[in-house]
Protein chains: 2
Amino acid sequence: MKGIRRLAEHLDISIGTVSRALNGKPDVNEETRRRVLEAAEQLGYVANQSGRALRKGSTGVIGFMMQTGREITGQGDIFFMSVFDGVQTVLARHKLDLVALLCSSEEDPDDYLKRMVARGFADGIILSATRRHDARFEFLARHSIPFITLGRSLTDVGQPWIDLDFEGMAEMSIERLARAGHSRIGFVWPHGDLNLGYVFIERCREALARHGLTLAEECIFRANPNEAGGYAVARQIKDSAKPPTAIILVNETLVTGLYHGLEEVGLRPGPDIAIIGRRSPQARFLSPSLTGFELSLRDLGIALAESLLSAMPAYGHLYPEVVRRKLWPMSLIDGDSG
Amino acid sequence: MKGIRRLAEHLDISIGTVSRALNGKPDVNEETRRRVLEAAEQLGYVANQSGRALRKGSTGVIGFMMQTGREITGQGDIFFMSVFDGVQTVLARHKLDLVALLCSSEEDPDDYLKRMVARGFADGIILSATRRHDARFEFLARHSIPFITLGRSLTDVGQPWIDLDFEGMAEMSIERLARAGHSRIGFVWPHGDLNLGYVFIERCREALARHGLTLAEECIFRANPNEAGGYAVARQIKDSAKPPTAIILVNETLVTGLYHGLEEVGLRPGPDIAIIGRRSPQARFLSPSLTGFELSLRDLGIALAESLLSAMPAYGHLYPEVVRRKLWPMSLIDGDSG
DNA sequence: TACCAGACCGTAATCGTTTTCGGAAATCCT
DNA sequence: AGGATTTCCGAAAACGATTACGGTCTGGTA
């Protein structure tokens, strides 16, 4: 005898009543409820997730999908820890749990998500590392799974999203560099179909145009979105016939590699070549200090969760005013690198 | 009509046969099986996780428990991405999925785990950030949930574990520093009850003794296990009446902060004070280059998964030879910092 | 023909919950 | 007192899968 049945037997009442007592349903005597709660505590009873989910059709779990592996995503790693923290503070209010759905780099992200959804794993999903063309959007929409994306995509299906304010980043970077007299500005574009690269470069082009400049094709450097990628870019710059005098990076993990690479080839960030990137927690300790953008990841997580909840039938009414789509603001912090 | 019933109806056969066909059971006509598989593919059918788990009593999911939040664990962040990668390559062989069980810093880890287990969330669990006294061990043992820990604890219950080879790290570090003439060697001890701090300092004491040295109490610096913590240590060192001439760090995230802090107070790693730490992917790009330990996180993940599987009834026979407990070797890489 | 073995497949029980529905007992109202 | 409400609880039907069991059919053999 296991589960709720055991509890019911022990109390000599029916399992229905036990369930109602536990779930705070109204039609149960307060004295009975007290006894049930007490016995549950004492016997260490917790409802079986499978049975409950099967019956209710919902799991109480929110999934945050992310990629693992060596060639990690655009916004890898530490980035997420703080975002999770924000997401969880919101979810905790509704007794929802957050788990990270880890898609191995060896599996196709679309297949992976499909599997997780069909399994009925989560009631709502947060997608990260959005691609320019991302089949996951349509899939989730088709199955009417509530979801929100951290990042945009051409494949928009009207779902809520939050993305970094690349518009603002581009304008502020270019403005600053142009004012400092730079006219040959380069850009590191992470390999892969990640959407953020496309968006940012487009915004940069526009911002450059506003300042009467253009983005030279040979000043666009492709790189894997990790330290090694940044490192390799330094060499490319050095070997370039007409190297840029300034470099802008979207991707935080590229920065440390680039710094190291530049040192190897004898270029100092700042005096020799201006660098503007994202000041991640680690990047804050680079020397010379990095000029770049900071943002509150925890608040971003909070917004993400609230926006997702507002898209879920069961919680939507609790978040009527929530913004569904937002460019997350970042502030440009002065450093010595540009 | 949903799920397997729909599929059965569509094919005009019974749900039992469909299930058998899908699960590769022997007593089903090959032609029928082909039709079922085809229809399943076409209709995008995937078995519902709740129903399946309820009936089978297992979920096909392995949980990797980790802490989120600002004051992140000893071995935070990027560390795990590569470990996950290794774990997943093994799990994929058995069609098992890995999810990260994210325990918010606001919830008690023991309570969190209890909840997840009672929910029947995972068939096996990997524990990280093990504490010196860790109630989770006994809990999982009592409920006979297969688990393995990344890190040891005083609360050993005979479960398999893998831990970094702090013994080797201590001996190699001290050996190297002693040979270089250092006699006043300091140590950064991360705050909290994490077991690794205790282990490493103990091994350092022993190693020092072997070289006729002792660890001065005032050379033990407590710090939060993150960049800010490392940064703060630099100040402490500077203000110390009799500062150490060398510092050893267990925790990878402390290093970048310490480097930055030392620069602020005018101490150069290497010439002014020797530093030995862990060369994480980011730390590899520090300047001056860090003398420290490297290891294969991916292989560690593989070992972790195999060892966990060997402790699970359903898979144990497949991994008869697996090591159940292992000190993971690390190699000391020369740098300019010590 | 009669019998039997093997190959396939359908029926139904089962896993542990939640929830609807209806009934019994208690309480209220006139 | 008697009917109408409430209050509380038990019985039973889902939820979607797996699987033990038994039944039908085929083909082979005596």
Side-chain angles (χ1 to χ4, degrees), chain A residues 1-37 39-40 43-61 95 115-123 143 314, chain B residues 1-37 39-40 43-61 95 115-123 143 314:
Chain A
M1 190 64 57
K2 284 167 50 181
I4 201 174
R5 190 152 281 122
R6 185 161 101 85
L7 199 52
E9 196 145 301
H10 177 252
L11 289 163
D12 197 29
I13 56 183
S14 78
I15 60 169
T17 304
V18 173
S19 174
R20 279 191 299 264
L22 256 17
N23 290 42
K25 291 295 158 71
D27 52 350
V28 43
N29 189 304
E30 277 311 319
E31 164 63 11
T32 319
R33 188 192 304 279
R34 199 192 50 69
R35 283 178 56 219
V36 172
L37 258 12
L43 300 189
Y45 169 81
V46 180
N48 175 291
Q49 166 71 0
S50 306
R52 162 181 268 246
L54 179 56
R55 172 62 225 227
K56 303 230 308 178
S58 73
T59 61
V61 170
K95 292 184 185 296
R115 196 149 46 85
M116 286 300 164
V117 165
R119 276 186 152 201
F121 215 99
D123 293 344
H143 289 256
Chain B
M1 189 66 55
K2 283 168 52 181
I4 201 174
R5 191 152 281 123
R6 184 158 102 87
L7 198 52
E9 197 146 299
H10 178 252
L11 289 163
D12 198 30
I13 56 181
S14 79
I15 59 170
T17 304
V18 173
S19 175
R20 277 191 300 265
L22 256 18
N23 290 45
K25 291 295 158 69
D27 50 351
V28 43
N29 188 303
E30 278 311 318
E31 165 62 11
T32 318
R33 190 193 303 280
R34 198 192 51 69
R35 283 179 54 221
V36 172
L37 257 13
L43 300 188
Y45 170 81
V46 179
N48 174 289
Q49 165 72 358
S50 306
R52 163 182 267 248
L54 179 58
R55 171 62 222 229
K56 302 232 304 179
S58 72
T59 61
V61 170
K95 294 184 184 296
R115 196 148 49 85
M116 286 300 164
V117 165
R119 278 186 150 201
F121 214 99
D123 294 343
H143 290 255

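Source: prediction; values computed, not measured. Naming: A, B, ... by sequence-line order, numbering from 1 per chain.
Taking only side-chain nitrogens and oxygens, K2(B) comes nearer than 4.0 Å to OP1 or OP2 of dG16(D). The shortest distance between the side-chain N/O atoms of R52(B) and the OP1/OP2 oxygens of dG16(D) is not below 4.0 Å. For dG16(D), neither phosphate oxygen OP1 nor OP2 lies less than 4.0 angstrom from any side-chain nitrogen or oxygen of Y45(B).
For the pair V18(B)/Y45(B), no side-chain contact is recorded, criterion being any heavy-atom separation below 4.5 Å from C-beta on. Contact annotation: the side chain of I15(B) never approaches that of L7(B) to less than 4.5 Å [non-hydrogen atoms, C-beta and beyond]. Contact annotation: the side chain of T17(B) never approaches that of N29(B) to less than 4.5 Å [non-hydrogen atoms, C-beta and beyond].
Here dT18(C) presents its P atom at 10 Å from CD of Q49(A), a figure rounded to the nearest Å. As rounded to whole Å, 14 Å separates atom P of dC9(D) from atom CG of L22(A). Look at CG on L54(B): it is 9 Å from C1' on dC15(D), rounded to the nearest Å.
Of all the residues in residues 25-37 of chain A, D27(A), V28(A), N29(A), T32(A) reach under 4.0 Å from DNA chain D with at least one non-hydrogen atom. Near DNA chain D, defined here as any heavy-atom distance below 4.0 Å, the residues from residues 4-18 of chain A are I13(A), S14(A), T17(A), listed numerically.
Checking T32(B) against R35(B) by side-chain atom types alone, no donor-acceptor pair falls below 3.5 Å.
Judged by distance alone, with hydrogens and angles left aside, the side-chain atoms of T59(B) form a donor-acceptor pair with the main-chain N or O of F121(B) at under 3.5 Å. Checked by atom type and distance alone, the side chain of R33(B) pairs as donor or acceptor with a backbone atom of K25(B) at under 3.5 Å. Between the side chain of D123(A) and the backbone N or O of G60(A) there is at least one donor-acceptor pair closer than 3.5 Å.
The base of dT17(C) lies outside donor-acceptor range of the side chain of R20(A), with no N or O pair under 3.5 Å.
For the atom pair CD of Q49(B) and NZ of K56(B), the computed distance is 10.0 Å after rounding to the nearest 0.5 Å.
When each of dG16(C), dT11(C), dT18(D) is scored by its nearest atom to the side-chain atoms of R55(B), the top-ranked nucleotide is dT18(D).
As judged by a 4.0 angstrom heavy-atom cut-off over every strand, S19(B) is placed among the base-contacting residues.
Within a 6.0 Å sphere centred on CZ of R6(B), heavy atoms belonging to other residues, nucleotides or ligands number 12 at most.
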